[in-house]
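Notes follow once the structure below has been shown.
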2 protein chains.
Amino acid sequence: MFSIGELSKRTKVKVPTIRYYEQMGLLAEAERTSGNQRRYDKKGLERLSFIRHARDLGFSIEAISSLIELQDHPDRSCEAATDIAISQLADVRAKIKRLKLLEKELTRISECCDGHGVSEDCYVLAALADHELCSREH
Amino acid sequence: MFSIGELSKRTKVKVPTIRYYEQMGLLAEAERTSGNQRRYDKKGLERLSFIRHARDLGFSIEAISSLIELQDHPDRSCEAATDIAISQLADVRAKIKRLKLLEKELTRISECCDGHGVSEDCYVLAALADHELCSREH
DNA sequence: CTTGAACCTCTAGTCACTAGAGCTTGTAGA
DNA sequence: TCTACAAGCTCTAGTGACTAGAGGTTCAAG
């Protein structure tokens, strides 16, 4: 059994974040000492590692809730889990697509002004003011 | 002179968002009718288009504030504007980099489970539980 | 037994909006 | 000119995933 600080160190999840996850129902309520401090065991560590890993992959708290629910019922179909993963993947791909458009546009805009001129002649500002100056949709 | 609803239609920025931008100081306080309704002219339209465009490119409200400040002083050096654009570009590139790692990992994980099995054997859940199963850092 | 680091709860702040309540105004048709 | 009612107004609170801080308590080493 170890403290929340120890759990934090081992999982690299900050202490307030751990408490937040508990509040959100992602982590079961921890056992307490007589003085009301949280104590965790291996199971708590594993669950938090799972959460941390899923968060790192960009899953929402809600999605993680569903994944944990499934994990707790080993006999259930895992269709929902793959669905969540696939939809997360689609999300990530959509974000990449959009960001790449932004990257192109920002690169183009930045390259057109060296920053040595005066605001009136600045291509960055002109481009923002006038969408017509954009090379494509974004 | 036109109403906030008309401005909203022309710029595709929602009415409450326009009011929010005003509150945040991005838009100057609009003129009002005797009945306290906002009225806009060409200048208001241009400024909101600028804001909309910058937001579409992912600039923060704060960054846009600085850009507008520069725009209002045509004689100032535009170094700050290019700095802001370049730092935004760096941001976007960092996000793309991270998302690509996530994409790889999520693709790999998703492909390992067809969703027809049972939660206990699900590779998606197993991969999340155990970082060792990841193919690389993410 | 003392010290102080670590713990506790609770509230409020972050960003860029969005939603809703409860009220007032503008405008088109009768 | 009157009447609907769409559109406007302000204000407060909610979103997601934390983070910061106040003000108090507990644990463990020396």
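Here is how names work: the chains are called A, B, and so on, in the same order as the sequence lines, proteins then strands, and each is numbered from 1.
Residues L125(B) and F50(A) form a side-chain contact, since some pair of their non-hydrogen atoms from C-beta on lies under 4.5 Å apart.
Rounded to an integer number of Å, the gap from D56(B) CG to dA16(C) P is 14 Å. Between E22(B) atom CD and dG8(D) atom P the separation is 14 Å, expressed in whole Å. Straight-line distance from the CZ atom of F59(B) to the C1' atom of dA16(C): 16 Å, rounded to whole Å. Atom CD1 in I4(A) sits about 15 Å away from atom C1' in dA5(C), given to the nearest Å. The CZ atom of R52(B) sits 10 Å away from the P atom of dC17(C) (whole-angstrom rounding). Between E31(A) atom CD and dC7(C) atom P there is a gap of 17 Å when expressed in whole angstrom units. Whole-Å rounding puts the I18(A) CD1 to dA17(D) P distance at 17 Å. Rounding to whole angstrom units, CE of residue M24(A) and C1' of dG14(D) are separated by 13 Å.
When atom types are taken as modelled, the side chain of D41(B) and the backbone of G44(B) share a donor-acceptor pair closer than 3.5 angstrom. In this structure, S8(A) contributes its side chain and I4(A) its backbone to no donor-acceptor pair below 3.5 Å.
Geometric assessment of R10(A) against the ring of F2(A) yields a positive cation-pi assignment under the 6.0 Å and 45° thresholds.
A residue-by-residue look at E62(A) and N36(A) shows that E62(A) has its nearest nucleotide of DNA chain D further toward the 5' end.
Checked against dC18(D), dC9(D), dC7(C), the side chain of Q37(A) finds its nearest nucleotide in dC7(C). With dA16(C), dC8(C), dA28(D) as the candidates, the nucleotide lying closest to the side chain of R19(A) is dC8(C). Here dC9(D) is the nucleotide among dC9(D), dC18(D), dT26(D) with the atom lying nearest to any side-chain atom of R38(B). Considering only the side chain of Y21(A), dC18(D) comes nearest among dA17(D), dC8(C), dC18(D). The side chain of T33(B) lies closest to dG26(C), out of dA16(C), dG26(C), dC18(D). Minimum atom distance to the side chain of S34(A) is reached by dC27(D), of the listed dC27(D), dC9(D), dG26(C). Listed nucleotides dT27(C), dC18(D), dT18(C) differ in distance to R39(B); the shortest reach to its side chain belongs to dT27(C). The side chain of P16(B) lies closest to dT18(C) when the candidates are dA17(D), dT18(C), dC9(D). Set against dA17(D), dC17(C), dC8(C), the side chain of R55(B) has dC17(C) as its closest nucleotide.
Of the side-chain N and O atoms in T17(B), none sit less than 4.0 angstrom from OP1 or OP2 of dC17(C). Residue R32(A) has a polar side-chain atom (N or O) positioned under 4.0 Å from OP1 or OP2 of dT9(C). Side-chain nitrogen and oxygen atoms of K14(A) include none within less than 4.0 Å of the OP1 or OP2 phosphate oxygen of dC18(D).
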* Apply side chain to side chain donor-acceptor pair (under 3.5 Å) to the pair R52(B) and Y21(B), showing each step before the final yes or no. => CA-CA 10 Å; R52(B) 158 102 223 248; Y21(B) 288 158; over 6 Å; no

* Asked: Checking salt bridge (charged side-chain N to carboxylate O under 4.0 Å, His left out) for the pair R32(A)/E22(A): CA distance, chi angles, key distance, verdict?
  -> CA-CA 13 Å; R32(A) 301 287 184 130; E22(A) 182 183 302; 3.8 Å; yes

